[in-house]
Amino acid sequence: MRPVIEYFLRNSVAANLLMVFIFILGLFGLLRLKTTFFPETPIRNINITLVFPGASPEEMEEGAVTKIEEKLVGVNGVKRTTSVSSENSATVSVETEKGFDIDLVIQDVKNAVDQINSFPVDMEPPIIYKIEPLSDAYIFALGGGLDLKTLKRHSRQVEDDLLALEGISRIDIRGFPEEEIEISFREADMRAMNITFAEAVSAVAQTNLLTTGGLIKTESEELLIRAKNKNYEGRALENVVIRSSENGGLIRLHQIADVKDQWEDSPSRSYINGVPAVVMTVYSTRQEDMFTNSDMTKAYLSEFQAKNPDVEVTEIRDGKEYLNGRIEFIKKNGFLGFLLVLILLAMFLNPRMAFWVALAIYWRVFKNACWWREKERNAIREALRRQRDYSASKKNMCLD
């Protein structure tokens with residue numbers, strides 16, 4: 001180490017060039033710096049979600065979970081598996097070994113699960129994904145005494161607009177269950193028209209579908225045949241033809257059944273100040289900046305509130321404020337550390353040198369440059385401008 005110090009003492013130009021090089025590297029590091037609530041850790045967990053409507057926990061365990069756990073034994077990179085079975089669904093959690101590439105392990109897990117061909121017939125295909133750590137950048141609610149359908153429509157609009165902003169990729173919506181169409185057959189009418197339940201169900205299933213019918217090739221073009229008759233509202237199904245009557249007329253669904261739109265029988269509800277609301281969470285991934293996502297969300301919601309005064313936007317949690325509180329706490333401790341370093345170094349070194357060393361440590365760890373915040377604000381303004389252009393173009397496409 002001593003020859004290196006002597007070399008730089010004799011060559012002041014080399015020492016200055018090294019300092020400039022380190023400064024440039026630090027500048028590039030600052031430009032790529034992301035703010036997150038938790039430190040970055042390697043992803044080591046994989047989830048397998050199983051859905052089997054109407055199945056009991058025992059059926060989920062015997063028919064799917066046990067088979068998956070046995071198949072994953074010996075898979076390279078898998079450390080242990082745990083599972084939770086409940087009514088209609090189950091989850092298998094896979095913990096991977098340290099040092100293994102999570103993307104390669106998840107591919108091996110998918111291949112192992114795909115080899116199982118004895119799952120229950122009515123069970124949905126397994127969903128396999130890696131668990132990525134997420135931070136709550138901003139949580140808010142949409143309310144104002146509106147009905148759930150109106151709140152759902154506004155929440156979907158807000159979701160699309162926020163996802164169009166550069167830097168926001170994950171949003172969760174809670175507060176309303178899934179919509180469904182209920183068809184209640186009237187037994188007396190079905191008996192009068194001599195229609196069986198299986199016949200009516202088959203007619204509805206064969207009519208309400210979206211599928212392809214093949215491809216027709218000609219010398220100049222190719223024609224794709226599609227049956228596009230998928231309906232998502234009850235009133236669109238009321239005129240489904242069940243069969244032709246004996247006198248040549250048509251028997252339609254509304255003549256033998258009551259069709260209505262309703263919410264799924266689920267306790268999924270959210271309330272703000274005693275009225276129904278939809279709670280939305282904007283997440284920040286490891287590649288995204290929490291401060292930027294929070295500021296962009298608040299800026300967009302200000303514009304949304306001005307355009308939709310009937311919708312009440314309530315802030316529930318701002319992740320930026322919590323993170324700022326931690327940063328301020330660290331800054332205070334850093335200042336105390338600065339004083340301690342200054343006093344201790346001044347006892348053994350030149351006081352002026354001790355001051356600059358302590359100041360460099362404080363600046364390196366805790367100081368936030370004003371130009372960086374200005375750069376962040378410019379990025380937010382640019383993202384909102386792009387989102388407005390995207391919404392305008394989407395609106396024009398719909399009008400066309």
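Values reported hereafter were calculated over all heavy atoms of this structure, with side chains retained and with hydrogens, waters and symmetry mates removed.
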Please check if [X] and [Y] belong to a single hydrophobic cluster, counting links between Ile, Leu, Val, Met, Phe, Trp and Tyr side chain heavy atoms closer than 4.5 Å.
| X | Y | result |
| --- | --- | --- |
| Ile116 | Leu72 | yes |
| Ile183 | Phe197 | yes |
| Ile106 | Ile131 | no |
| Leu163 | Tyr138 | yes |
| Val313 | Leu165 | yes |

Practice item. I would like to know whether Tyr129 and Ile46 meet side-chain contact (heavy atoms from CB on, under 4.5 Å); could you show each step before the answer? Key: CA-CA 6 Å; Tyr129 59 95; Ile46 300 172; over 6 Å; no
[atom1]-[atom2] distance between [X] and [Y], expressed to the nearest 0.5 angstrom:
| X | Y | atom1 | atom2 | result |
| --- | --- | --- | --- | --- |
| Glu238 | Asp258 | CD | CG | 9.0 Å |
| Met280 | Phe140 | CE | CZ | 4.5 Å |
| Ile48 | Lys110 | CD1 | NZ | 10.5 Å |

Practice item. Keeping the roles fixed (side chain from Arg252, backbone from Val240), state whether a donor-acceptor pair exists under 3.5 Å. Key: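 Checked: no pair found.
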Review point. Do you know which two heavy atoms are closest between Glu321 and Glu315, and how far apart they sit?
Key: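 Smallest interatomic distance, heavy atoms only, reads OE2-OE2, 4.0 Å.
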Exercise for review: Taking all heavy atoms of Leu142 and all of Leu151, pick out the closest pair and write down the distance.
Suggested key: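 That closest heavy-atom pairing would be O-CD2, 3.7 Å.
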**Study point:** Derivation and outcome, side-chain contact (heavy atoms from CB on, under 4.5 Å), residues Thr96 and Lys79
**Key:** CA-CA 5 Å; Thr96 62; Lys79 183 178 181 180; 6.0 Å; no
Exercise for review: Decide yes or no on side-chain contact (heavy atoms from CB on, under 4.5 Å) for Phe304 and Asp161, but give the supporting numbers first.
Suggested key: CA-CA 10 Å; Phe304 175 81; Asp161 292 342; 5.6 Å; no
Check your understanding: Should we count CD of Glu187 as having more than 12 external heavy atoms under 6.0 Å?
Key -> no
Check your understanding: Residues sharing Ile139's hydrophobic cluster, by side-chain heavy-atom contacts under 4.5 Å among ILVMFWY, directly or via others?
Key -> Ile272, Val279, Ile316
Exercise for review: Show your working on side-chain hydrogen bond (donor to acceptor under 3.5 Å, both in side chains) between Ser294 and Asp318 and close with a plain yes or no.
Suggested key: CA-CA 7 Å; Ser294 174; Asp318 187 357; 2.6 Å; yes
Check your understanding: Out of Ser56, Pro57, Pro53, which one pairs with Glu87 under the side-chain contact (heavy atoms from CB on, under 4.5 Å) rule?
Key -> Pro57
